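Everything quoted here is computed from the prediction, not taken from an experiment. Just so we're on the same page: letters track the sequence lines, and every chain starts at 1.
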There are 2 protein chains.
Amino acid sequence: MSVATETKVSLEGLNLTASRRAVLDIVKGAKKPMKAYDILSDLQQVIPHAKPPTVYRALDYLVTNHLLHRVNAQNAFVYCQHHEKCFHDHPERFNVIFTCITCGAITEQAHHVMSNVMAEMTKAMGFMSDSHILECTGVCKECS
Amino acid sequence: MSVATETKVSLEGLNLTASRRAVLDIVKGAKKPMKAYDILSDLQQVIPHAKPPTVYRALDYLVTNHLLHRVNAQNAFVYCQHHEKCFHDHPERFNVIFTCITCGAITEQAHHVMSNVMAEMTKAMGFMSDSHILECTGVCKECS
DNA sequence: ATAGTTATTGTATATTATATCACTATTAAA
DNA sequence: TTTAATAGTGATATAATATACAATAACTAT
């Protein structure tokens, strides 16, 4: 086995198999939040036998490992631009994802005071946030 | 038509038809977040011909009018305990719904500093929040 | 090599949500 | 009192999202 395989690429200790890597690239390269079946369509260009579970499994892995965010308000997925900042330098930091219910645009914002307040609230509750993501829906500036 | 009909009840200017009222009562009376098809099952005890659109229409109305919250993290609905406080006395107030991904428990919390911070953030962005609800997922005290 | 374990794949199906269209009730105007 | 506009309902079908479960492959420690 001296020939390097294409099926696995190590990125920061992660096990990016072919389908995980392909899903990551698809979401990362998209201009907008991607839904699972949008991703599936694209994925099938590369991996013809891909099925819904292929996508969901890859998404689970990528979300768990903080490479993607799941946006519950749209059942969609976006690339996490701030992987290192969110989880390496400031693991206590909370981001807010604002979703426009009109145009679907998603904006990610953080604010250190809010992170502190959230840290207080979760500490007081004994709640372990798994994502450090807060979601807020409404209408964005352009649409109002 | 001198006999009062049972089909409509006025509550704070709302038009609570029979099915809306029934759905409201079902969610209000439940001990846990209710999913649409859970609600449908219960609703069919009262309105046998109820179908999925019956439930979704009622839910749309009740969420729009702030009697229920939709919890995106679970595709579920909860009664808003603080209808007056949230939307009448303090329309600027943000609540955070914490969802435990292990047991499904939902807790609603507010914090005036966080509300102020969120108000600042949304104002700066020109974002009009439609729900004043932030969602946060993680593991609750009991489950950790 | 082989049993025990973990990871991945395949097939089918479950769950959640909406589109459409015909019909009914209510309200407000002409 | 008709008419028109608006809002709500009922029924059917189907779209969109997601997971359960069984089977197979890959790894690993004896």
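- Minimum heavy-atom separation, Asn15(A) to Tyr61(A): N-OH, 2.8 Å.
- Each of Ala50(B) and Gln74(A) lies near DNA chain D, and the nucleotide nearest Ala50(B) is the one positioned closer to the 5' end.
- The aromatic ring of Tyr37(A) sits over the base of dT17(D), with ring centres less than 5.5 Å apart and planes tilted by under 30°.
- The CG atom of Asp38(A) sits 16 Å away from the P atom of dA15(D) (whole-angstrom rounding).
- When the P atom of dT17(D) is taken as reference, atom CG of Asn72(A) falls 14 Å away, rounded to whole Å.
- Under the 4.5 Å side-chain criterion, counting only non-hydrogen atoms from C-beta, Val117(B) is not in contact with Phe94(B).
- In this entry the distance linking CG of Leu59(A) with P of dT17(D) reads 12 Å, nearest Å.
- Side chain Arg57(A) to base dT8(C): no donor-acceptor pair is found below 3.5 Å.
- Between dG10(D), dT17(D), dG8(D), one nucleotide has an atom nearer to the side chain of Lys35(A) than all others, and that is dT17(D).
- With dT20(C), dT16(C), dA18(D) as the choices, the nucleotide that has an atom nearest any side-chain atom of Tyr56(A) turns out to be dA18(D).
- Counting heavy atoms from C-beta on, the side chains of Val96(A) and Met118(B) come closer than 4.5 Å.
- Per the geometry, CG belonging to Leu43(A) stands 12 Å off P belonging to dG10(C), to the nearest Å.
- Applying the 4.0 Å criterion to OP1 and OP2 of dA16(D), one finds that Asn75(A) has every side-chain N and O outside that range.
- For the pair Leu40(B) CG and dA17(C) P, the computed distance is 12 Å after rounding to whole Å.
- Among the nucleotides dT12(D), dT8(C), dG10(C), the one closest to the side chain of Thr17(A) is dT8(C).
- Atom CE of Met128(A) is surrounded by 12 or fewer heavy atoms from other residues, nucleotides or ligands within 6.0 Å.
- Checked against dT9(D), dA18(D), dA12(C), the side chain of Ser19(B) finds its nearest nucleotide in dT9(D).
- For the pair Tyr61(A) and Asp60(B), nearest-nucleotide mapping onto DNA chain C gives the more 5' position to Tyr61(A).
- Listed candidates were dC21(C), dT19(D), dA17(C). Nearest to the side chain of Pro52(A) is dT19(D).
- Put simply, CG on Asn15(A) is 9 Å from C1' on dA7(C), counting in whole angstrom units.
- Side-chain proximity of Arg20(B) to the nucleotides dA11(D), dT16(C), dT9(D) is greatest for dT9(D).
- Per the geometry, NZ belonging to Lys51(B) stands 5 Å off P belonging to dA11(D), to the nearest Å.
- Closest to the side chain of Arg70(A), from the set dA18(D), dG8(D), dT18(C), is dA18(D).
- In this structure, the side chains of Glu135(B) and Val71(B) come closer than 4.5 Å at one or more pairs of heavy atoms.
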